[in-house]
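These notes concern the structure reproduced below.
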Protein chains: 2
Amino acid sequence: MTPSHIHVPTDCRTVTEILSRVGDKWSVQVVVQLGGEPKRFNELRRDVGGISQRMLTLTLRGLERDGLVTRKIYPTIPPRVEYRLTELGCSLLNTVRALGSWAIENRDHILEARRRFDEATGHGPGADGA
Amino acid sequence: MTPSHIHVPTDCRTVTEILSRVGDKWSVQVVVQLGGEPKRFNELRRDVGGISQRMLTLTLRGLERDGLVTRKIYPTIPPRVEYRLTELGCSLLNTVRALGSWAIENRDHILEARRRFDEATGHGPGADGA
DNA sequence: CCGCATCCATTTTGATACTG
DNA sequence: CAGTATCAAAATGGATGCGG
């Protein structure tokens, strides 16, 4: 054991991969919305706001795949599907909230930095991914 | 910006926007690499590994714009440019590390959930497009 | 050594329409 | 109501060559 190969750090790759879920446009918002009560598809769609049906489906699938969310189907008419955070999902919610707090606390700081930067360069917002 | 006709939760929008910096493919890695010592461009490039010059430039610019990183130029020959985390950058590093810990702790859990999900659906990895 | 610009491929997202 | 399919647009990432 202990493959001393200097190969790629397995952990880093995985971490990055998992982080990318947090980084995508909607996952975090969905998780947060699911934080209190379980919700139904269109309920979630309303609450998140601005998300397309397609993206909500995709996001939910991804979350479900990672074991962060469970899907419960009630065979009623009309169909009712409820999404709920798993324990794992809840633990992520906590961590994500920390990040959210950081973002809120430093929002002004960052916005100010951006404004100054943009002003100094003359360019409009043309920076990286954000 | 700031569409005044809809009272979108200002915080959420901003938080999401800031989170997207954390979510992109490289920012986190660069921040982590800059965590200990300030580094030079190509030094950083080597340490991150797999990042293209373009992406490193873009990432660094974005980080600089947000006030997370500072760029210091030494007018020597050949030119020497050093990147260093700001205080704000350091505080982000801490938060990010928490998320990283979460990812590492739950890596197996998630990987297992994925495996099960993929098996159950028969589909290969075709879930959410992160 | 630093890093910008251009071209190109892949990935991601959104609009719309349709099914159970 | 919940979910899928298709299509086109946009953002993102990478390779390469040029200039300070």
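Residue numbers start from 1 in every chain, and the chains themselves are labelled A, B, ... in the order their sequence lines are given, proteins ahead of strands. Bear in mind the structure is a predicted one, so any value in this text is a computation, not a measurement.
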Quick one: on DNA chain C, does A/Pro79 or A/Gly50 contact a more 5' nucleotide (nearest heavy atom)?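 First, find each residue's nearest nucleotide; the 5'-ward one identifies A/Gly50.
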With respect to the phosphate group of C/dC2, does any side-chain polar atom (N or O) of B/Arg40 fall under 4.0 Å of OP1 or OP2?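 So the side-chain polar atoms of B/Arg40 do come within 4.0 Å of the phosphate oxygens OP1 or OP2 of C/dC2, strictly under.
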Under 4.0 Å from OP1 or OP2 of C/dG3: is there any side-chain N or O of B/Arg71 that close?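 For C/dG3, OP1 or OP2 has a side-chain N or O of B/Arg71 closer than 4.0 Å.
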Could you state the [atom1]-[atom2] distance from [X] to [N], rounded to the nearest angstrom?
| X | N | atom1 | atom2 | value |
| --- | --- | --- | --- | --- |
| B/Leu56 | C/dG3 | CG | C1' | 10 Å |
| A/Leu60 | D/dC1 | CG | P | 16 Å |
| B/Asp24 | C/dT13 | CG | C1' | 17 Å |
| B/Lys39 | C/dC1 | NZ | P | 17 Å |
| B/Tyr74 | C/dG3 | OH | P | 13 Å |
| B/Glu82 | C/dC1 | CD | P | 15 Å |
| A/Met55 | D/dA10 | CE | P | 16 Å |
| A/Lys72 | D/dC1 | NZ | C1' | 18 Å |

Out of [options], whichever nucleotide has its closest atom nearest the side chain of [X]:
| X | options | result |
| --- | --- | --- |
| B/Arg61 | C/dC1, C/dG3, C/dC4 | C/dC4 |
| B/Lys25 | C/dG14, D/dG14, C/dC1 | D/dG14 |
| B/Phe41 | C/dG3, D/dG3, D/dG14 | C/dG3 |
| A/Val81 | D/dA2, C/dG14, C/dC1 | D/dA2 |
| B/Tyr83 | C/dG3, D/dC1, D/dA15 | C/dG3 |

Can you check whether any acceptor in the base of D/dG3 is under 3.5 Å from a donor in the side chain of A/Gln53, or vice versa?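 Between D/dG3 and A/Gln53, which were checked side chain against base, a qualifying N/O pair under 3.5 Å is present.
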Are A/Arg71 and A/Glu82 packed together at the side-chain level, in the sense that at least one heavy-atom pair is separated by less than 4.5 angstrom?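 No - every pair of side-chain heavy atoms lies 4.5 Å or more apart.
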Salt-bridge test for B/Glu64 and B/Arg61: reply yes if a basic N is under 4.0 Å from a carboxylate O, no otherwise.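 Between B/Arg61 and B/Glu64 there is a salt bridge, with a charged N closer than 4.0 Å to a carboxylate O.
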Closer than 4.0 angstrom, basic N to acidic O: yes or no for A/Arg115 and A/Glu112?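 The answer is yes: the pair qualifies as a salt bridge.
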Hey, does A/Thr57 reach any base, or is it just sugar-phosphate, or nothing, if we go heavy atoms under 4.0 Å?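 Base contact - A/Thr57 has a heavy atom under 4.0 Å of at least one base atom.
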Give a yes or no on this: more than 12 heavy atoms of other residues, nucleotides or ligands lie within 6.0 Å of atom CZ of B/Arg84.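 No, because the 6.0 Å sphere around CZ of B/Arg84 holds 12 heavy atoms or fewer from other groups.
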Any chance the side chains of B/Ser91 and B/Asn94 put a donor and an acceptor closer than 3.5 Å?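 Short answer, no.
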Closest-nucleotide mapping onto DNA chain D: is B/Ile51 or A/Arg54 further toward the 5' terminus? I mean the 5' end.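 Looking at DNA chain D, the more 5' nearest nucleotide goes with A/Arg54.
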